[in-house]
2 protein chains.
Amino acid sequence: MNRNTKQRRALREVIEENDRPLSPPELLALASVKVDGLGIATVYRTIKSLLEDGALAQVDLPGEPPRYELPGKSMNHHFQCETCRKVFDAPGHLDAPQTLAPFEFSVSDYSLMLYGTCKDCLATSATK
Amino acid sequence: MNRNTKQRRALREVIEENDRPLSPPELLALASVKVDGLGIATVYRTIKSLLEDGALAQVDLPGEPPRYELPGKSMNHHFQCETCRKVFDAPGHLDAPQTLAPFEFSVSDYSLMLYGTCKDCLATSATK
DNA sequence: ATGTGTGCAAACAGTTTGCAAGCTT
DNA sequence: AAGCTTGCAAACTGTTTGCACACAT
């Protein structure tokens, strides 16, 4: 299994070329430029297969469809631009998230979402 | 508009009686005890109407359906039990979330998710 | 030649909407 | 009595699956 088709190659390239988590529609749009007639079902199937191979990491965000990126990025902090809706990885980590939990709850992990305006959208709004 | 029906009364009661954000299926299950034959469409319509009235607050969580609770709770920090999947509000706030954003990004808000085991599930697993 | 991968369309799950009947005002 | 509200079912959106054909091996 895992044959080297042009669809998978295109999706892998798109994922490698973009240094931010991408949603299924984003993956379809970006990979469709490279492979004409690419179907959304293939995008979902390829995502699933890459996830199972450990070649892709899923990023779940509040109220958003899941995004996907290369594994090994900082997975705890993300930033979403409220203007263009794009999501970016953010560095850093909290030292003691467990101190923020309700009394007597045991904390094993955490994730932090930051919201605001990304560099590009700041530049665009300043120009107007 | 906004008539005082038994369905809305039941949903309001359920929301007031539970001090944690509830999902639409949770609302249906809990309110169905009070109102027989309650339909899921009514749950969704009532949620929408209460949101518009400002009588309800929506809580979006990563990879989860939205939850709803009374407004005015601490909205930035939440805790989800990885065993029972229930969600709880958590107190506290970060002092300088903007320092965690990528360079040149402007931060206006943030949300923190904590994951682990809730008090009840800790007790249950200790008993076994 | 074998059998996985693809595109299309149907199937699904969660949410929204149209409609006729019921209930609140 | 008027018209908002409800339950049911159909419509919709995002995701998954079945199927016949294409293509990588």
Side-chain angles (χ1 to χ4, degrees), chain A residues 1-16 21-69 80 84-87, chain B residues 1-16 21-69 80 84-87:
Chain A
M1 47 194 73
N2 266 15
R3 293 181 176 177
N4 186 21
T5 65
K6 59 177 185 282
Q7 290 85 347
R8 282 191 195 167
R9 227 176 303 126
L11 284 164
R12 277 219 182 99
E13 284 172 20
V14 163
I15 291 159
E16 282 162 19
L22 300 171
S23 65
E26 283 176 326
L27 286 168
L28 177 64
L30 291 166
S32 289
V33 177
K34 297 166 186 273
V35 178
D36 205 62
L38 178 63
I40 187 67
T42 299
V43 173
Y44 281 108
R45 276 189 284 235
T46 305
I47 288 171
K48 191 172 204 177
S49 141
L50 292 173
L51 284 174
E52 285 168 358
D53 294 353
L56 199 62
Q58 180 166 336
V59 179
D60 286 322
L61 306 161
E64 291 283 322
R67 316 284 166 121
Y68 302 91
E69 68 181 345
Q80 182 170 33
C84 68
R85 302 264 98 198
K86 282 181 189 164
V87 173
Chain B
M1 48 195 73
N2 265 17
R3 292 180 177 180
N4 186 22
T5 65
K6 59 177 184 282
Q7 289 86 347
R8 282 191 196 167
R9 226 177 302 125
L11 284 164
R12 278 219 182 97
E13 284 172 20
V14 162
I15 292 159
E16 282 162 19
L22 300 172
S23 64
E26 282 176 326
L27 286 168
L28 176 64
L30 291 166
S32 289
V33 176
K34 297 167 187 274
V35 178
D36 205 62
L38 178 64
I40 187 67
T42 299
V43 173
Y44 281 109
R45 276 189 284 235
T46 305
I47 287 170
K48 191 172 204 175
S49 142
L50 292 173
L51 283 175
E52 285 168 359
D53 294 353
L56 198 62
Q58 179 166 335
V59 179
D60 285 323
L61 306 162
E64 290 284 322
R67 315 284 167 121
Y68 302 91
E69 66 180 345
Q80 181 170 33
C84 67
R85 304 263 98 198
K86 282 182 187 163
V87 174

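Quick caveat, the model's predicted, so the values are computed rather than measured. Numbers restart at 1 for each chain; the letters A, B, ... are given by sequence-line order, proteins then strands.
A salt bridge is absent between A:K86 and A:E26: the closest approach of a Lys/Arg side-chain nitrogen to an acidic carboxylate oxygen does not fall below 4.0 angstrom.
No N or O donor and acceptor, one from the side chain of A:R9 and one from the base of C:dG5, sit under 3.5 Å apart.
Applying the salt bridge (charged side-chain N to carboxylate O under 4.0 Å, His left out) rule to pairs touching residues 42-62 of chain A yields nothing, sequence neighbours excluded.
The distance between atom CG of B:D53 and atom C1' of D:dT5, rounded to the nearest whole Å, is 14 Å. Counting to the nearest Å, the C1' atom of C:dG5 and the CZ atom of A:R12 are 13 Å from each other. C:dG5 atom C1' lies 11 Å from atom NZ of A:K6, rounded to whole Å. We find that CG of A:D60 is positioned 17 Å from P of D:dG14, with the value rounded to whole Å. The CZ-P distance, from A:R8 to D:dC23, rounds to 15 Å in whole Å. As rounded to whole Å, 14 Å separates atom P of D:dG14 from atom OH of A:Y68. One can place CD1 of B:I47 at 16 Å from P of D:dT5, the figure rounded to the nearest angstrom. When the C1' atom of C:dA13 is taken as reference, atom CD of B:E64 falls 15 Å away, rounded to whole Å.
Residue B:Q7 comes nearest to B:T42 through the heavy atom pair CB-CG2, 4.0 Å, listed as atom of the first residue, atom of the second, then distance.
Atom CG in B:L38 sits 5.5 Å away from atom CG in B:L11 (nearest 0.5 Å).
Counting any heavy atom pair closer than 4.0 Å across all strands shown, B:L38 reaches sugar-phosphate atoms only and no base atom. Nucleic acid contact for B:K48: sugar-phosphate only, since backbone atoms but no base atoms lie under 4.0 Å from a heavy atom of the residue.
Comparing A:I40 and B:N4 against DNA chain C, the residue whose closest nucleotide sits nearer the 5' end is A:I40.
Between D:dT6 and B:R45, no contact under 4.0 Å exists linking OP1 or OP2 to a side-chain N or O. Distances shorter than 4.0 Å separate some side-chain N or O of B:T5 from OP1 or OP2 on D:dT6.
Within 6.0 Å of atom NZ in A:K34, more than 12 heavy atoms from other residues, nucleotides or ligands are found, so the atom counts as buried in its surroundings.
Checking D:dG7, D:dT5, C:dT2 against every side-chain atom of B:R3, the shortest atom distance belongs to D:dT5. In this structure, of D:dT5, C:dG7, D:dT25, it is C:dG7 that holds the atom nearest to the side chain of A:Q7.
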